Colleague: 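Below is one structure. I have some questions about it.
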There are 2 protein chains.
Amino acid sequence: MAKQVQGTQSFARSIGLLQHICDRRNPPTLAKLLDECAFTRPTLYRLLNGLESEGLIVQLKDKSYKPGPRLINLARSALAKSDIRDRARDALVRVREQTGETVHLAVPSGEGLVYIDKIESLETVRMNSTIGTFVPLHSSGVGKAYLSALPEEKLTVFLENAPLEPITPFTTTDPIKLRAQINQCRRQGFVFDGQENEAGIACFGAPILDENAQPIAAVSVSVPLFRLKDETSRYSTALLDCVRELSDGEFQR
Amino acid sequence: MAKQVQGTQSFARSIGLLQHICDRRNPPTLAKLLDECAFTRPTLYRLLNGLESEGLIVQLKDKSYKPGPRLINLARSALAKSDIRDRARDALVRVREQTGETVHLAVPSGEGLVYIDKIESLETVRMNSTIGTFVPLHSSGVGKAYLSALPEEKLTVFLENAPLEPITPFTTTDPIKLRAQINQCRRQGFVFDGQENEAGIACFGAPILDENAQPIAAVSVSVPLFRLKDETSRYSTALLDCVRELSDGEFQR
DNA sequence: AACAATTTGTCCATATTGTGGAATTGATAA
DNA sequence: TTATCAATTCCACAATATGGACAAATTGTT
């Protein structure tokens, strides 16, 4: 992980435990966590209490724990303070109008990206369906787009070290092939993702750059395979217009 | 705050700092936080680093800190695992259809409630506008509804200790008056909130009870004053139908 | 460009906090 | 009621966080 300045180990453990509880499909009990987490009983007990008394987890009647509502409150602040989200909104809506398909905005978080906005076809009602979803760098449209805008050095480090786990049967797990896709993205400005992150879904992704040409976010258009048009320029043009507008400085390409 | 089992003080401090950063209007720098937070420089520095290396905050180019995208990822888990949210959804939509007004669902968090779902008029486009918002118990429709379903003993403790800060000029800050409103809510099953939490907005709130008649959530209908109908039964009936359906066990009233 | 001022980042001895084995309490089932 | 299993508490000890003082970096000024 990141630097770690000494003096934050116990905090990191608590957050790790929180993440574990969030990642589990079902709320775990202390006993289950004891198996899964390499903590001793009293330590785990105290960590859970710390998380609970902060409202980050809540204990159910069966003594199991699930993520608490305070997380939703904190996340609201994070969304509200995301300037790229505000800035991008109109442009994203335009992409949706031009393509008719779902548009995502993602920013880097940890080893991957997190969707912070989604514009989808008007029929869909359920909110938040994917905002907050974590996506790997190597398997998603936004991820590969982000990678393609990274300085050569960082990209090399990534390609040499990342596990490139298969997310679907179509995920690119070969660093050489991934590199080729990224190079292509660098030439044409956008990347194609054919069911690599989700079966049945193709994706077009492009990065948003800051004034130093560093990637700060990425946009994608997701298309169900059966609806995918032959002329992909329909998608890529809208996408490129969007990221050009949102990127600072001259866009040399 | 809650119990605190010893062994979690440093964690609580980190989360307190995170909350402070989330609550600030603008991203603070280390220097500003040093003024505001009663931490020494090295401590603050380490706490910030701990938060940052976990992705809970991110450092901007001007060295200031704002909430990070990982919070959004964690909150997604929390929303996804909220069974009351799933269970309530259809009923909430029905209330919106019957009243034409915005409907909120809130669950307890810390000293108040947090909105975990919102159904609003179809015209409104912007998502997430209020999901995640914290509301005090004494000034909101959902808050007073929740209070009204609390066991007498807990309610007394609350009324004796809570500061009852004015949120708007209309907020009820007198415990006696608040008690009267709550008693009325106990009789009729819902509570009225006239601009007490937000100027220009009236609210009808009602609690959702579990099988032991304990409140687990609350629903409200928010109506802009200028649109408020004279016959309030229009709102209360829809609301009462909704919470009856969502509450377990017999609803003695 | 050099200097000053302000802010961020680091070190290390020390005090505080968290740790975990073991005992206790509480809950559930027989 | 008793047995059984899990949750909770205790306390001496070890590991971690603390903060005064210092160093480095960044920014603004002449």
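Each chain gets a letter, A, B and so on, in the order the sequences are listed, and its residues count up from 1. As the structure is a computational prediction, the values presented were derived from the model and not from experiment.
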Colleague: Map A:R13 and A:L30 onto DNA chain D by nearest heavy atom, then report which one ends up closer to the 5' terminus.
Modeller: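 Upstream on the strand: A:L30.
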Colleague: Quick check: closest heavy atoms across A:K144 and A:I182, and the distance to 0.1 Å?
Modeller: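 Shortest heavy-atom contact: O-CG1, 4.3 Å.
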Colleague: In this structure, how many angstroms lie between the P atom of D:dT16 and the CG atom of A:L47, rounded?
Modeller: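 Between P of D:dT16 and CG of A:L47: 13 Å.
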Colleague: Just to confirm, is there a sub-4.0 Å distance from OP1 or OP2 of D:dA17 to any side-chain nitrogen or oxygen of A:S10?
Modeller: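 Indeed, a polar side-chain atom of A:S10 lies that close.
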Colleague: Rounded to the Å, how far apart are B:Q59 CD and C:dT7 P?
Modeller: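 From B:Q59 CD to C:dT7 P: 15 Å.
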Colleague: Can you find a donor-acceptor pair, distance only, under 3.5 Å between A:R46 side chain and C:dG20 base?
Modeller: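 By the distance-only test, yes, there is a pair.
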Colleague: Would you mind reading off the distance between A:D62 atom CG and D:dA6 atom P, rounded to a whole angstrom?
Modeller: 15 Å
Colleague: Please confirm whether the shortest side-chain N or O distance from B:T43 to OP1 or OP2 of D:dG19 is below 4.0 Å.
Modeller: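 Looking at the OP1 and OP2 atoms of D:dG19, one of them is under 4.0 Å from a side-chain N or O of B:T43.
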Colleague: For the residue pair B:N197 / B:S139, report whether a side-chain donor-acceptor contact shorter than 3.5 Å exists.
Modeller: yes
Colleague: Just to confirm, is there a sub-4.0 Å distance from OP1 or OP2 of C:dG9 to any side-chain nitrogen or oxygen of B:K63?
Modeller: yes
Colleague: Expressed as a whole number of angstroms, how long is the span from B:L44:CG to D:dA17:C1'?
Modeller: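 Rounded to whole Å, this separation is 14 Å.
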Colleague: Take atom CG of B:N49 and atom P of D:dT16, then tell me their distance rounded to the nearest Å.
Modeller: 17 Å
Colleague: For A:T40 and A:T43, does a side-chain donor sit closer than 3.5 Å to a side-chain acceptor?
Modeller: yes
Colleague: Just to confirm, is there a sub-4.0 Å distance from OP1 or OP2 of C:dT7 to any side-chain nitrogen or oxygen of B:T29?
Modeller: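 It does not, given that no N or O in the side chain of B:T29 lies less than 4.0 Å from OP1 or OP2 of C:dT7.
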Colleague: What is the distance, rounded to the nearest whole Å, between atom NZ of B:K61 and atom P of C:dT7?
Modeller: 21 Å
Colleague: Less than 4.0 angstrom from a charged side-chain N to a carboxylate O is my criterion; do A:E52 and A:R46 meet it?
Modeller: no
Colleague: Measuring from the side chain of B:T40 (C-beta onward, heavy atoms only), which nucleotide among D:dC10, C:dG9, D:dG19 has the closest atom?
Modeller: D:dG19
Colleague: Which whole-number value in Å describes the distance from A:Y45 OH to D:dC5 P?
Modeller: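 Going from OH in A:Y45 over to P in D:dC5 covers 21 Å.
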Colleague: Of the candidate nucleotides C:dG20, C:dG18, D:dT9, which contains the atom at the shortest distance from the side chain of B:Q9?
Modeller: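 Per side-chain heavy atoms of B:Q9, the pick is C:dG18.
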Colleague: Using 4.0 Å as the upper bound for N to carboxylate O, is an ion pair formed by A:E152 and A:R179?
Modeller: yes
Colleague: Expressed in angstrom and rounded to an integer, what is the separation of B:R41 atom CZ from C:dT6 atom C1'?
Modeller: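 In whole Å, C:dT6 C1' and B:R41 CZ are 10 Å from each other.
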